[in-house]
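Structure record follows, encoded as structure tokens.
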2 protein chains.
Amino acid sequence: MASDHTRSAILAAAERLYADRGFGDVTLRDIVAEANVNLAAVNYHFGSKDELIAELFVTRSIATNRERLRELKAAEEQGGGHAPIEVILRALVGPTLRGCLGPENQRSTAARFMIRASIESVPPIRRIKNREIDHLRKFAGAMRRALPERSDVDIYWGLNFALAMAHHTIRESERLTKLSEGKCDLDDVEDVVARVVSVATMALTAGRAEAKAPSRVAAR
Amino acid sequence: MASDHTRSAILAAAERLYADRGFGDVTLRDIVAEANVNLAAVNYHFGSKDELIAELFVTRSIATNRERLRELKAAEEQGGGHAPIEVILRALVGPTLRGCLGPENQRSTAARFMIRASIESVPPIRRIKNREIDHLRKFAGAMRRALPERSDVDIYWGLNFALAMAHHTIRESERLTKLSEGKCDLDDVEDVVARVVSVATMALTAGRAEAKAPSRVAAR
DNA sequence: GATAGTTTCATACAAGTGTTTGAATTGCAA
DNA sequence: TTGCAATTCAAACACTTGTATGAAACTATC
């Protein structure tokens, strides 16, 4: 009780290592070495490795969700219950993109950790992850209010595509840089956010009903 | 030489297990049990576990790429060197989506294995994966020919977003189904393909130059 | 049908994993 | 200071992993 020092040192070290190298090849011994504590400390303070991961994930999860909802609520209240779809989408993908891209020294360990968690799906996290659905539903609600004429199906697809573009861009940022020979500047985070939001907005607002099906191609 | 039976039994079993459960928690003993062969057979026939994975990936990789390029080339030749952008995108994301979604019994182990490989990034695969960039460049080339007025940056972003939507939809298909309470039908593969292609096309063809930036929001 | 080469098999090995243990150390209250 | 609980520590444990070994079984050639 006196000193949580060891406890939080472990949390910090674990988050950093997991964010950098993924859950797959980070061992307890790596963590305690990084944190400069004894091997047994993890089990003493957290019970098990899985519980450490779970605590890390839960903490970060509610923090991230709170941040996104704060942006969302602020926007909606400002508009009297209706926020423009672009602003909603920006609240959805902005925080994560900003935390994972941009100049190296500005990237947030938390955001990078959450991306890892969303990719690797290790057992202790998989068990908790269901709550994220409730969280996403709130965004779906806001999007529906912003686009009342749009069908639910389209809303969910738009939400899915927005997250898709954001997460994939983060995960494959290296490849995109290499592929484009540096022409795609992933350090210009606001440009990335604008592109993702723009395309997602188009996906959600384009052509009434099912102008979705483009000419003869989709009919094939 | 006489009987590759063991060899190919291992390959098939490994591919199936990796596709289903990922590289993380499939052990050599799982594989040999599934293949009904002796534990030592893997090292005898492939040298090591990593070489088994690598062979699996290389084989599937060139097969997939060939398939996509076949679709692409066919479309381009038919149009005399110029294929419509929708057709190009369809050749890019169609095979993978078709192989990973749809009725359970129609899904292809190969496609699902490749998705795993693109997600989990295990060492033996990471070493080879660079070739994929060359492959994507061919698609970028075709896209540039289809949209000559478009900047390279936009082309690469469009390519990135197309892959993003396809891969993310596959990876998170379960969550999307649950989130939408079944309203998004992931078994209707051709609808999924049409949606992805449609949005990617909009991303690539929308408003000249930077109509990209929607109203005041992007400027913020 | 004997023999040489290939393939299979049961088993053992070395290394790495998370976890447990019990003694040593620390920090704080009486 | 004394005493007691909380914490740290080195060491060992039980288990799983990929790999190696050497004998057995098989296959095809002469």
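Just so we're on the same page: letters track the sequence lines, and every chain starts at 1. Bear in mind the structure is a predicted one, so any value in this text is a computation, not a measurement.
- We find that CG of A/Asp50 is positioned 10 Å from C1' of C/dG18, with the value rounded to whole Å.
- Put simply, B/Ser48 has no side-chain N or O that comes within less than 4.0 Å of OP1 or OP2 on D/dG18.
- Take the nearest nucleotide of DNA chain D for B/Ala40 and for A/Ala40: the residue whose nucleotide is more 5' is A/Ala40.
- Rounded to whole Å, the distance from CD1 on B/Ile53 to C1' on D/dG18 is 11 Å.
- With B/Glu55 as reference, B/Arg7 is the one residue of B/Lys49, B/Arg60, B/Arg7 to meet the salt bridge (Lys or Arg N to Asp or Glu O under 4.0 Å) rule.
- Comparing A/Asn43 and B/Tyr44 along DNA chain C, the residue whose closest nucleotide (by nearest heavy atom) sits nearer the 5' end is B/Tyr44.
- Comparing atom distances between the B/Thr27 side chain and each of C/dG18, D/dT8, D/dG18 picks out D/dG18 as nearest.
- Between the A/Arg150 side chain and the A/Leu204 main chain, a donor and an acceptor come within less than 3.5 Å of each other.
- Set against C/dC9, C/dT20, C/dA12, the side chain of B/Arg29 has C/dA12 as its closest nucleotide.
- Distance alone, capped at 3.5 Å, is enough to place a donor-acceptor pair between the B/Arg107 side chain and the B/Gly102 backbone.
- Atom P of nucleotide D/dC9 and atom CG of A/Asn38 are separated by 5 Å, given to the nearest angstrom.
- Atom CG in B/Leu28 sits about 17 Å away from atom P in C/dG16, given to the nearest Å.
- B/Asp4 has its CG atom 14 Å from the P atom of D/dT27, to the nearest Å.
- If you measure from atom NZ of B/Lys49 to atom P of D/dA20, you get 15 Å, rounded to the nearest angstrom.
- Listed nucleotides C/dA10, D/dA11, D/dT8 differ in distance to A/His45; the shortest reach to its side chain belongs to D/dT8.
- Between B/Ile85 and B/Met143, the shortest heavy-atom contact is CD1-CG, 3.8 Å.
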